[in-house]
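What follows is a short report on a single structure.
Every chain is numbered from 1, with letters handed out A, B, ... down the list of sequences. This one's a predicted model, so the numbers in the text were calculated from it and none came from an experiment.
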There are 2 protein chains.
Amino acid sequence: MELRQLNYFVKAAELSHFTEAAAALYITQSTLSQQIRQLENELGIPLFDRIGKHVSLTEAGSVFLLHARQILLEVEKGKQAIQDLQHLLSGDLRIGVTYAFTSFLLPALATFPVQYPGIRMYVEYGTTQSLEAKLRASELDLVLAFHQEAFNKDLEMLELFRSRMVVAVSRKNKLASLKKIPLQRLTGMDLIFPSRGFSARDSLDEVLQKNNIQPAVRIEMNDVHSILSLVEKGHWATLLNERALLGWKNLVAIPIEGRELQRRAYIIWQKGTYRKKAADLFMQELLKALPDMEK
Amino acid sequence: MELRQLNYFVKAAELSHFTEAAAALYITQSTLSQQIRQLENELGIPLFDRIGKHVSLTEAGSVFLLHARQILLEVEKGKQAIQDLQHLLSGDLRIGVTYAFTSFLLPALATFPVQYPGIRMYVEYGTTQSLEAKLRASELDLVLAFHQEAFNKDLEMLELFRSRMVVAVSRKNKLASLKKIPLQRLTGMDLIFPSRGFSARDSLDEVLQKNNIQPAVRIEMNDVHSILSLVEKGHWATLLNERALLGWKNLVAIPIEGRELQRRAYIIWQKGTYRKKAADLFMQELLKALPDMEK
DNA sequence: TACATCAATCGGTTTTATCAATCAATATCA
DNA sequence: TGATATTGATTGATAAAACCGATTGATGTA
């Protein structure tokens, strides 16, 4: 039994006329006869009475017609579901972000769900490491994160912008007026660091080790928002991506000398997998915000 | 899209492994790949991620899997419905009878629905003419009636038994003691006749006309039960098939001289149409009662 | 690094869906 | 009644496609 035969059968049943049905199906009457016969053979029962010149449904034919219609209806529903998916009337979109992307993500997050109300969005904050792991396991569709290398074996990456590592202090802090800070200067500061696993922390560790600097890290925290809240109070300083400070009006970003502390932001997705249309469009939405950042 | 492809797809999705799925389907991995690819092309979206050595469903694949399963389920339901029909777990059986068959029909009507509880039965009383018309229009599956000719262009007929035309009178009637009545004797009797259209009446008309006899028909009625009720009161006489009198204990059947008034009872069905299994079985049930009638 | 395994691909074979033409039965019309 | 047209079935040929076996290329694994 094939869908083709069911289609033929339904049309023939509706018209009670093989020749007309065949014409409507753009096949010859011969073909229609054969396919119907084949279906009857498989079911083991005639679907039509051939009485004289005209055909009419048998009891089995009437019963089977209902089922054939139902089957074809289910097929249409299946196709429609795929169409919906492609036209974004439905679907899931799972995005992983690191904290520094908050201000970058929010505008898109405000407009996108309005444009495509059928799409459920899941946003997950996490460290670059944990997000990439989930991306590889296909638990996320898209990740926004900083990264060291621009290439990766099984991840596709698109560079968004670059962001310097800065020292963040409160306006009230005595360092707030500085235009630049040399790396060595960190040694004497009271620092709160993000925990290991945070990309800012990991890349920082690398640089500090290379320059043989061991600043006094007084506090480690795995929540950037909490870190910045502490720094805002005045006493503490921290090292973060410049981007992470957007929106914190009481904080001052002081660039660190040395180019090596410039980091690259990427949109990352799995290599080889089919990229959801929703993901594509969301990326476009994100990229719209890019020009505004060039400052 | 064909059911074949849906079957392949579901198996491949369940095993997440083309080679194994192909083996389970008794086709080569090559064929499976091609058919899946074809399905994907038609839907316009990949159903599997081919990442490295293993395959896994895409979002569209997961969605479509549900629908594919549903479609195949509907197909099974359709096939099952046909099976049920063939094994008589369901179906309709529409029988037309003339009044004279009542006593013949009742036993089968008592046992058959018990044996096959899934079958809905419709019994329609009517004249031979009207029943045959409905039979031709496929509004009835089977007709029990008397008939003149044993052959008909588009009706299939199986002779059941023969039944004489008799004069029916009450036991109280003065004619009740007669063993035979010559045709001519009818002229002086007070007769109630079935209306035209009733086979007894029509065949009677023929014979009477041939013998140039015009009995005084005082009443015509189109309901045999009412005729017999009247006759039972004593005054009237009527002409009917012997069979019609079974069960009327207060009536006496007096045969008419002359062989031409013997009539043949038939099971009649449409020529060329598929005969329902239910109809076949019901016929067998009817024929069981035949031997008891030979008296 | 060699090996095994996977899905994709290629070329060729078999199956089958399709068509055009014809046939037999039947309804319609002169 | 006989001629004609129309129906679905049948037949033989052709084009499509389902299928297979072998190979390739990529990817894990010993």
Side-chain angles (χ1 to χ4, degrees), chain A residues 1-42 46-58 61 136-138 151-156 270-274, chain B residues 1-42 46-58 61 136-138 151-156 270-274:
Chain A
M1 186 189 302
E2 292 299 339
L3 292 177
R4 178 171 14 82
Q5 296 163 339
L6 297 185
N7 255 316
Y8 291 178
F9 165 66
V10 169
K11 181 62 82 180
E14 283 171 350
L15 298 180
S16 290
H17 201 298
F18 279 23
T19 304
E20 284 178 20
L25 291 163
Y26 303 107
I27 57 174
T28 61
Q29 167 266 322
S30 162
T31 298
L32 181 63
S33 273
Q34 292 180 53
Q35 292 294 305
I36 298 265
R37 174 59 50 96
Q38 207 167 314
L39 186 58
E40 289 175 325
N41 287 343
E42 181 174 348
L47 298 171
F48 289 95
D49 278 327
R50 283 84 162 167
I51 185 163
K53 269 179 76 162
H54 75 289
V55 293
S56 63
L57 284 176
T58 60
R136 270 179 243 268
S138 293
F151 295 103
N152 192 299
K153 206 170 69 127
D154 41 24
L155 294 180
E156 201 89 42
Q270 236 181 327
K271 198 175 275 179
T273 71
Y274 174 79
Chain B
M1 186 189 303
E2 291 300 339
L3 293 177
R4 178 172 15 82
Q5 296 163 338
L6 297 185
N7 256 316
Y8 292 177
F9 165 65
V10 169
K11 181 62 83 179
E14 283 170 350
L15 298 180
S16 290
H17 200 298
F18 279 24
T19 306
E20 285 179 20
L25 292 163
Y26 303 106
I27 56 175
T28 61
Q29 168 265 320
S30 160
T31 299
L32 181 64
S33 273
Q34 292 179 50
Q35 291 295 306
I36 297 269
R37 173 60 49 98
Q38 207 167 314
L39 186 57
E40 289 176 324
N41 287 345
E42 182 174 347
L47 298 171
F48 290 95
D49 277 327
R50 283 84 161 166
I51 185 164
K53 274 179 75 162
H54 74 288
V55 293
S56 62
L57 284 175
T58 59
R136 271 179 242 271
S138 292
F151 296 101
N152 193 299
K153 204 169 68 123
D154 42 22
L155 293 180
E156 201 90 42
Q270 234 180 329
K271 198 174 276 181
T273 72
Y274 172 79

Just how far, in rounded Å, is C1' of D:dG25 from CZ of B:Arg50?
-> 16 Å
Show every donor-acceptor pair shorter than 3.5 Å between a side-chain atom in residues 4-16 of chain A and any protein atom, with sequence neighbours excluded, or say none if there are none.
from, atom 1, to, atom 2, distance (Å)
A:Arg4, NH1, A:Gln35, OE1, 2.9
A:Gln5, OE1, A:Glu2, N, 3.0
A:Gln5, NE2, A:Gln35, OE1, 3.3
A:Glu14, OE2, A:Arg69, NH2, 3.4

Nucleic acid contacts of residues 23-32 of chain A, taken as heavy-atom distances under 4.0 Å to DNA chain C = A:Tyr26, A:Ile27, A:Thr28, A:Ser30, A:Thr31
Taking all atoms of both residues into account, what is the closest heavy-atom pair of A:Gln270 and A:Leu155, and its distance?
-> CA-CD2, 4.2 Å
Its 5'-most and 3'-most nucleotides having an atom under 4.0 Å from a non-hydrogen atom of chain B, DNA chain C is contacted over C:dT5 to C:dC10
Whole angstrom value for the distance that separates C1' of D:dG8 from CD of A:Gln35 = 15 Å
Below 4.5 Å, heavy atoms only, C-beta onward: do B:Phe48 and B:Thr58 meet side chain to side chain?
-> no
Comparing A:His54 with A:Gln34, nearest DNA chain D nucleotide closer to 5' gives the residue A:His54
Rounded to the Å, how far apart are A:Glu2 CD and D:dA17 P?
-> 13 Å
Exercise answer: donor-acceptor pairs, residues 23-30 of chain B side-chain atoms, under 3.5 Å, sequence neighbours excluded:
from, atom 1, to, atom 2, distance (Å)
B:Thr28, OG1, B:Thr31, N, 3.3
B:Thr28, OG1, B:Thr31, OG1, 3.0
B:Gln29, NE2, B:Ser33, OG, 3.3
B:Ser30, OG, B:Gln34, NE2, 3.1

Whole-Å distance between D:dC19 C1' and B:Ile36 CD1?
-> 15 Å
Mind listing the closest non-hydrogen atom pair of A:Glu40 and A:Leu47 along with its distance?
-> OE2-N, 2.8 Å
Over its full length, what angle do the end axes of the helix from C:dT1-D:dA30 to C:dA30-D:dT1 make, each axis taken from five pairs and the result rounded to 10 degrees?
-> 20°
Tell me, which of residues 6-20 of chain A have any heavy atom that sits under 4.0 Å from an atom in DNA chain D?
-> A:His17, A:Phe18, A:Thr19
What one should report as the nearest heavy-atom pair of B:Leu32 and B:Phe18 is CD2-O, 3.1 Å
